[in-house]
Amino acid sequence: MPNATQGSAPWNGNLVTAAADAFTTAFAPNTHHAITLEKHLPIASGIGGGSADAAATLRALARLHGVPSTDPRLHDIAAKLGADVPACLANRTTLGTGKGDTLTEIEGLVGTPLLLVNPGVAVSTAAVFKTWDGKDRGPIPEGDLLARALEGRNDLEPPR
């Protein structure tokens, strides 16, 4: 499958096509695949839609081409695509540390409700990281998950 175009439409460098290209480069499947993406999330909403799409692309291509989901190359590709793509690829409750790609599985939270709120304000991830001061403000406190969440912080909120 060509990296530059899909049929006659340009790739435009989005995360789904980047995931497909990286998968093809890493695994060189001997068959072709086609990808159709249907989105229902607001663009630039900051809830990881692009990252989840990239991870779903990797999982689907792995399944289609007979690559085990535990193949470490999938995680390597995910980590290169974005800090939260590995968590989306894992598809289970995890705590991400480092830049977000060092994952520790968290037991006991399956089925826990989660509310995502979109204030209707588009946020460019690239712009946020461009204006971030780059300062490491130290690790999130240790303890149980709820305590960590309550005492945690978002270092990217001020540049947002």
Side-chain angles (χ1 to χ4, degrees), residues 3-6 10-27 35 37 39-62 67 69-110 112-160:
N3 288 347
T5 63
Q6 179 185 24
W11 278 129
N12 292 327
N14 70 41
L15 282 175
V16 168
T17 55
D21 287 348
F23 181 92
T24 300
T25 298
F27 295 100
I35 298 170
L37 174 64
K39 293 194 72 95
H40 296 280
L41 295 174
I43 293 173
S45 60
I47 58 175
S51 297
D53 292 341
T57 299
L58 292 174
R59 281 195 308 276
L61 291 174
V67 174
S69 62
T70 56
D71 190 308
R73 292 176 290 178
L74 291 171
H75 179 85
D76 293 343
I77 292 168
K80 289 176 184 162
L81 292 172
D84 56 350
V85 179
C88 295
L89 179 66
N91 202 26
R92 58 187 183 273
T93 307
T94 59
L95 173 66
T97 57
K99 71 174 193 173
D101 61 341
T102 302
L103 303 176
T104 304
E105 191 165 348
I106 299 172
E107 299 294 334
L109 293 178
V110 173
T112 301
L114 176 67
L115 174 64
L116 297 177
V117 177
N118 179 359
V121 177
V123 177
S124 163
T125 302
V128 169
F129 277 98
K130 187 176 181 179
T131 57
W132 175 49
D133 62 14
K135 291 181 183 173
D136 181 351
R137 290 172 173 78
I140 294 173
E142 292 297 324
D144 69 20
L145 187 60
L146 182 57
R148 294 179 88 170
L150 292 173
E151 294 181 34
R153 64 183 183 283
N154 181 351
D155 291 344
L156 295 177
E157 190 172 358
R160 187 259 334 134

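For Ala62, the side chain to side chain contact (heavy atoms under 4.5 Å, CB included) partners two or more places apart in sequence, or in a different chain, are Phe23, Val67, Leu74. Listed by chain and number, the residues in a salt bridge (Lys or Arg N to Asp or Glu O under 4.0 Å) with Lys39 are Asp53 (sequence neighbours excluded). Under the salt bridge (Lys or Arg N to Asp or Glu O under 4.0 Å) criterion, Glu105 pairs with Arg92, sequence neighbours left out. Partners of Asp71 under the side chain to side chain donor-acceptor pair (under 3.5 Å) rule, at least two apart in sequence or in another chain, are Arg73. By the side chain to side chain contact (heavy atoms under 4.5 Å, CB included) test, Ala87 is found to be paired with Thr94, Leu103, residues two or more places apart in sequence or in another chain being considered. For Lys130, there are no side chain to side chain donor-acceptor pair (under 3.5 Å) partners two or more places apart in sequence or in a different chain. Annotation: salt bridge (Lys or Arg N to Asp or Glu O under 4.0 Å) contacts of Asp76 (sequence neighbours excluded): none. Residues passing the side chain to side chain contact (heavy atoms under 4.5 Å, CB included) test with Ala56, sequence neighbours excluded: Arg59. Take Asp84 and apply the salt bridge (Lys or Arg N to Asp or Glu O under 4.0 Å) test, not counting sequence neighbours, and it matches no residue.
Between atom CD1 of residue Ile77 and atom OG1 of residue Thr25 there is a gap of 8.0 Å, rounded to the nearest 0.5 Å. Taken from CG in Leu61 to OG1 in Thr24, the straight-line distance is 6.5 Å, to the nearest 0.5 Å.
Nearest heavy-atom pair across Ser51 and Leu15 is N-CD1, 3.9 Å. When all heavy atoms of Ala54 and Leu81 are compared, the pair lying nearest together is CB-CD1, 4.2 Å.
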